[in-house]
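When a ligand or atom number is given, it counts from 1 through the structure's own listing order. FYI, side chains are in, hydrogens and waters are out, and symmetry mates aren't considered; it's all heavy atoms of this structure.
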Amino acid sequence: MSFNSSHHLDRWDKSGSHVAVVGGGLAGLASAVWLAERGHRVTLVEKAGRLGGRTFSFEVTGVDGLVDNGQHLFAGCYDALLKYVETIGSAAGLRWDAPPLAIRTGPDRLLTAQGPAWLPSWSRRVLGPSWLAWPPIPLRDKPAALRTWLYLAAAVARPSDRLDEMTVDRWFRKIGVPESLRRLTLDQFVIGLLNEKPDRVSAFTFVQALRFLGGRALAGNPRAADAVWPRISLHELFVAPAERFLAEHGGEIHTGAKVVDVVVRDERTTGIELADGRVIDCDAAVLTLPPWALTSLLDRGALGGYEFFSPVRKIEASPISSVYLWLDRPLRMQRLAENLRDTTIEWVFDTSGMHGTDDAAEHCYSLAVSASWDVVHLRGTEFVSAAVASLHQHYPESRDAQVLRTKVIHQPAATFSAQPGFESQRLPQKTPIPGLFLAGDWTRTELPSTMESAADSALRAVRAVTGYLTESRARKEGP
Ligand SMILES: Cc1cc2nc3c(=O)[nH]c(=O)nc-3n(C[C@H](O)[C@H](O)[C@H](O)COP(=O)(O)OP(=O)(O)OC[C@H]3O[C@@H](n4cnc5c(N)ncnc54)[C@H](O)[C@@H]3O)c2cc1C
């Protein structure tokens, strides 16, 4: 697999500078790994007792192996994330699949991007999604649907800043998107891509995400739209190999260590302060905290005096709710992930199928709701009932299945919520404090709240740190 050249990191001649990375989610892990790869001494500091941030795994009584905090879907255009798994040596833990476009409108009706099986395979990729251009909606809505695609194409070609002043819902109404098309594809596409409802999310962020996907496809990656599923747990894919990599490259990891302040002396970053009063000295620091955690540093420490950080306070979170169901028999799914219509549950993921354990006596499915404002408050039993009812509606065979075990996971702060104005709240990786850098899915990338945005932000931060340390060293050494 080749990667976009803008993601290429130059080799660093080992200066042995010490960099502190705060936060052990994907952005922190990737920053630490790539900095260590370049020969820096890295100390990774994480508040929780484990690494992984919003991509983590845990044990469930009676279940072999680890269970993830939620389904995490990659796309073939996730260049930075794919680079990360290649660096830490876990790329074999990924399973490539056809594009994740599989909409189930009823028990016997699945619209996919694969096309009917009787088509020759070379033409299935092209003809498969052709129903998108001529969707199964009432004839009277088809001209408006065609107009919608043209509007979208024009907006993607030249995104206007003014789109960040309105929600997707308002924009769709303004350009006359037919309700039937919204119900069939577009609204769910927005929710799936941005983890936010169309009446809350910025139209600009939507267009920018489409532009990113299209751009990477046009850049020559024929698999840009393909789904990439983890065949092992997120811990085995992202965390354990990174721990090994850092150990082999002289890195140090502190978990259960909350950072409360950044030490700034002589107008440059010289350390980070932990909640127990200890200070870790460093030549540069990368903060990879989500916005809702960064605000506590603004409230108490050196950063509060800088206007630069204040937009962070406006960024809100958006929830994801999911439930794992272990059944005594498989569902008749045609794809590893199917997107349901007119039910509480939006996604059914065949977890056993992804992990290659689908011949086991138990079959595990992850049922998820993105931007789960309507269900995040439900008690476990209520949510399980709604999930089972959704299965009964779309997979009649599930009515005879026995539910062996369940695990409900409500995550109120799963992603950032890109509301109108969000683009001006996204901060760049380089801050006005020399030696202090930011990373994290919410920092300035062209992506929604995704693992790719976290990894991409890490690449940008690592490049900025490297530039800063090179300059500092040149200044110290003199002409
Ligand atoms: C259920 C769910 C499903 C998702 N599905 C997908 C998907 O299908 N595809 C996709 O691309 N993305 C998905 N995402 C989004 C993706 O997981 C996130 O965008 C990404 O993991 C964010 O990584 P991050 O490193 O920026 O932030 P985080 O993972 O939040 O990492 C920040 C870390 O900083 C630590 N921290 C906070 N404060 C301090 C402090 N004071 N001192 C030290 N450490 C601190 C936190 O404990 C945390 O470990 C999903 C997220 C969830 C929750």
Interfacing atoms of ligand 1 (cut-off 4.0 Å, heavy-atom, Thr288): 32 (C)
Sub-3.5 Å N/O-N/O distance, Val259 and ligand 1: yes
Which residue and heavy atom of the protein sit nearest atom 30 (O) of ligand 1, plus the separation: Arg54 NE, 2.8 Å
Closest non-hydrogen atom pair between Ser202 and Val168, with its separation: O-CG2, 3.8 Å
Protein contact to atom 12 (N) of ligand 1 [nearest heavy atom, distance to 0.1 Å]: Met451 N, 3.3 Å
Shortest non-hydrogen separation from Pro198 to Arg182 and the atoms involved: CB-NH2, 3.9 Å
Proximity winner for atom 25 (O) of ligand 1, if only heavy atoms of Ala27, Pro290, Ala227 are counted: Ala27
Over all atoms of both residues, closest heavy-atom pair of Pro432 and Tyr306: CG-CD2, 4.4 Å
Contact check: Gln411 vs ligand 1, nitrogen or oxygen atoms, below 3.5 angstrom: no
Ligand 1-proximal atoms of Trp442, by part, heavy-atom distance under 4.0 Å: neither
Parallel, tilted or perpendicular, as decided by the 30° and 60° cut-offs, for the rings of Phe416 and Phe422: parallel
Option whose closest heavy atom lies nearest to atom 2 (C) of ligand 1, chosen from Leu29, Leu294, Ile320, Ile409: Ile320
Short N-O contact, Lys197 and Asp169, less than 4.0 angstrom: no
Side chain, backbone, both or neither: the part of Val22 lying under 4.0 Å from ligand 1 by heavy atom: side chain
Close-contact set for ligand 1 against Lys258 heavy atoms, below 4.0 Å: 41 (N), 42 (N)
Minimum non-hydrogen distance to atom 46 (C) of ligand 1, winning option of Lys47, Glu46, Glu452: Glu46
Those atoms of ligand 1 less than 4.0 Å from some heavy atom in Leu73: 7 (C), 8 (O), 9 (N), 10 (C), 11 (O)
Atoms of ligand 1, numbered as shown, that sit under 4.0 Å from any heavy atom of Gly25: 25 (O), 29 (O), 31 (O), 33 (C), 49 (O)
Test: Arg50 and Glu59 ion pair at under 4.0 Å: no
Crowding at CG, Asp64 (>12 non-hydrogen neighbours, <6.0 Å): no
Contact check: Ala48 vs ligand 1, nitrogen or oxygen atoms, below 3.5 angstrom: no
Min N/O separation Asn69 to ligand 1 under 3.5 Å: no
Any N/O pair His72/ligand 1 closer than 3.5 Å: yes
Side-chain donor-acceptor contact under 3.5 Å, Gln429 with Thr443: yes
Contacting atoms of ligand 1, where contact means under 4.0 angstrom from a heavy atom of Gly440: 26 (O)
Ser310 versus Glu307, side-chain donor and acceptor atoms under 3.5 Å: yes
Heavy-atom proximity to atom 37 (C) of ligand 1, best of Ala293, Ser372, Pro412: Ala293
N/O separation below 3.5 Å, Leu26 to ligand 1: yes
Close approach of Phe74 to ligand 1, heavy atoms, under 4.0 angstrom: no
Tyr78: numbered ligand 1 atoms lying under 4.0 Å from its heavy atoms: 10 (C), 11 (O)
Contact summary for Ala102 and Leu110, nearest pair of heavy atoms: C-CD1, 4.1 Å
Backbone N/O of Arg426 and side chain of Arg444: donor-acceptor pair under 3.5 Å: yes
Atom indices of ligand 1, in the order listed, that fall short of 4.0 Å to a heavy atom of Ala454: 23 (O), 26 (O)
Closest approach of any protein heavy atom to atom 21 (O) of ligand 1, naming residue and atom: Thr55 CG2, 3.7 Å
Nearest neighbour in protein (non-hydrogen) for atom 15 (C) of ligand 1: Ser449 O, 3.8 Å
Donor-acceptor side-chain pairing of Gln419 and Ser417 below 3.5 angstrom: yes
Contacting atoms of ligand 1, where contact means under 4.0 angstrom from a heavy atom of Gln71: 3 (C), 4 (C), 5 (N), 8 (O)
His254 side chain to Thr43 side chain, donor-acceptor N/O pair below 3.5 angstrom: no
Student check: side-chain heavy atoms of Leu184 and Thr105 closer than 4.5 Å: yes
Ionic contact status for Asp187 with Arg341, cut-off 4.0 Å: no
Minimum-distance protein heavy atom relative to atom 39 (C) of ligand 1: Leu289 CD2, 3.5 Å
